[in-house]
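First the proteins, then the strands, lettered A, B, ... as listed; each starts at 1.
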Protein chains: 2
Amino acid sequence: MSESPYLLIKRSIADGIATRRYLPGQVLPSEPALCRTFGVARMTVNRAMRELAAEQLVRRVPGVGTFVAEPVAESSLVELRNIADEIAERGHRHSATVFVLAAVTPDDEQRAIFGIAEGPLFHSAILHCENEIPIQFEDRFVAPSVAPDYLQQDFSRMTPSEYLLRVAPVQEVRHDVQAAATPTGIARHLDDKICLLVTRLTWSGGRLATLTRLYYPGGRFRLTERFVPK
Amino acid sequence: MSESPYLLIKRSIADGIATRRYLPGQVLPSEPALCRTFGVARMTVNRAMRELAAEQLVRRVPGVGTFVAEPVAESSLVELRNIADEIAERGHRHSATVFVLAAVTPDDEQRAIFGIAEGPLFHSAILHCENEIPIQFEDRFVAPSVAPDYLQQDFSRMTPSEYLLRVAPVQEVRHDVQAAATPTGIARHLDDKICLLVTRLTWSGGRLATLTRLYYPGGRFRLTERFVPK
DNA sequence: CAGTGGTCTAGACCACTGT
DNA sequence: CAGTGGTCTAGACCACTGC
């Protein structure tokens, strides 16, 4: 399956980038060099490198060489994706730091939008990093009824998205995107004065299940959608 | 530059699909057949078809053949909307000011992404207002081949989106959203230091048709998507 | 100048499908 | 079985860059 030479070469390079054996901006071995290393024809090496370039993992400059690309994070608006999966698909390492994980007493506005008369809400605040670089600050409120064991999870090992997608079937999602000045306190983590703020509401069982504010560094992050019009 | 055989073959097939000369599900000529038609080696045809498959324009089945892909019309959430319509639906008044409408000589990067060897690009810069309040600054580049009469239109009466949707059937759209500091010059019009920058690429006939940068005032604007997960 | 990537050729072998 | 796509080879020519 995956033992075609061009795939082996692709993975070898991709792994080297993921493990930071090759650092952004660094020159990669030339095509003739890779031919010798892997004992294959140049067309085989070329295909591997061409595909890596198409996937934005490397940047090729004719007459100069092939370089490890600066990582440009990317995400989707129309899908509920687990950020750990997205990062893994880019061949990078995900890590999470949990700042808050507790029950809170909702204010009137929260009570209204969650449609609850009384009782607590669960609150979590987590910083997600891609290769140790902060990429998303996640501020989340969860209705206890949809995930009673929310506070017992270890969210440095499994993201809230992953957990919630398992225990609470999402019926409807609403995303709201705006550009904003990064709130002080979050700016400290994201290291960017401007942020992309995605507010995500999910409904489960007819009731609002989660309210999440996702803060992305404005300069380092992109939301991408690709679609075919009807 | 764009006359490499594999690109010619790619475009020939992509055009055939765009113009519905090849219909979804239909079998395309086999690789040996295309070799004879274009007088090239099989590797050249193979690369063209492999890239079309990667772009989801065709579906390849080993041992069977290559077929025109069924267009996977995705969610109505991400839509190509005409801003004038959106404003009208809110019961507000739309107005547009045209700042630029001219042919320009593309730089190397633009030439590369539009895949054109020579000739001009059309450029327009338009400010859209909702009830006289600036809501979107639209900076647009259009390939002349998809809209030869672009420069003759009165875009204070009809938006470029509306015009282009009429004359150039869009095959694919890619949206890229980021938060950014409003470029000086545009900040003057939008009256906001932070903006939501939506970069929209559209493809028609297998070629990049338009590159549009939509600048929205960060504080006054929200992008909203609502959808039901699969 | 030697080195780089971009592209192409004319063969080849393979696994797979439909008949 | 003949036909399909998936992959590979060992050469080749070109335009480009840096020295």
OP1 or OP2 of C/dT4 versus the side-chain N and O atoms of A/Ser30: is any pair under 4.0 Å?
yes
Nucleotide C/dG6, atom P - distance to CZ of A/Arg47 in whole Å:
15 Å
Hey, does the side chain of B/Arg60 come within less than 4.0 Å of D/dG6's phosphate (OP1/OP2), counting only N and O?
yes
Choose from D/dG5, C/dG6, D/dT7 the nucleotide whose nearest atom is closest to any side-chain atom of A/Asn46.
C/dG6
Whole angstrom value for the distance that separates P of C/dC13 from CZ of B/Arg42
13 Å
Select from A/Val61 and B/Leu28 the residue whose nearest nucleotide in DNA chain D is closer to the 5' end of that strand.
B/Leu28
Atom-to-atom span, CG of B/Leu7 to P of C/dT7 - whole angstrom
7 Å
Does C/dT4 have OP1 or OP2 sitting under 4.0 Å from an N or O in the side chain of A/Thr66?
no
For the residue pair B/Phe38 and B/Ser12, establish whether any side-chain heavy-atom pair is separated by less than 4.5 Å.
yes
Rounded distance in Å - CZ (B/Phe38) to P (C/dT7):
17 Å
Using atom CE of A/Met43 as one end and atom P of C/dA10 as the other, report the distance to the nearest whole Å.
14 Å
Could you say whether B/Ala41 or A/Glu31 is positioned toward the 5' end of DNA chain C, judged by the nucleotide with the nearest heavy atom to each?
A/Glu31
Quickly work out the B/Leu34 CG to D/dG5 P distance and round it to whole Å.
8 Å
Proximal nucleotide (of D/dG6, C/dG5, D/dC8) relative to the A/Pro62 side chain
C/dG5
Would you confirm whether the ring centroid of B/Phe155 sits within less than 6.0 angstrom of the ring centroid of B/Tyr150?
yes
A/Glu31 with A/Arg60: basic N within carboxylate O range, under 4.0 Å
yes
Find the partner of D/dC16: check Watson-Crick (N1-N3 plus N6-O4 or O6-N4) and G-U wobble (N1-O2, O6-N3) distances, both under 3.5 Å, and reply none if neither fits.
C/dG3
Whole angstrom value for the distance that separates P of C/dC14 from OH of A/Tyr6:
19 Å
Please check the phosphate of C/dG6 (OP1 and OP2 only) for any side-chain N or O of B/Ser4 closer than 4.0 Å.
no
Quick one: A/Met49 CE to C/dT7 P, roughly how many Å, whole number?
15 Å
Side chain of B/Thr44 (C-beta onward), nearest among C/dT9, D/dC8, C/dA12
C/dT9
Would you indicate which nucleotide in C/dC8, C/dG5, D/dG5 comes nearest to any side-chain atom of B/Pro5?
C/dC8
Is there a donor-acceptor pair under 3.5 Å between the side chain of B/Thr182 and the backbone N or O of B/Lys193?
yes
Using a strict cut-off of less than 4.0 Å between a Lys/Arg side-chain nitrogen and an Asp/Glu carboxylate oxygen, indicate whether A/Glu138 and A/Arg213 qualify as a salt bridge.
no
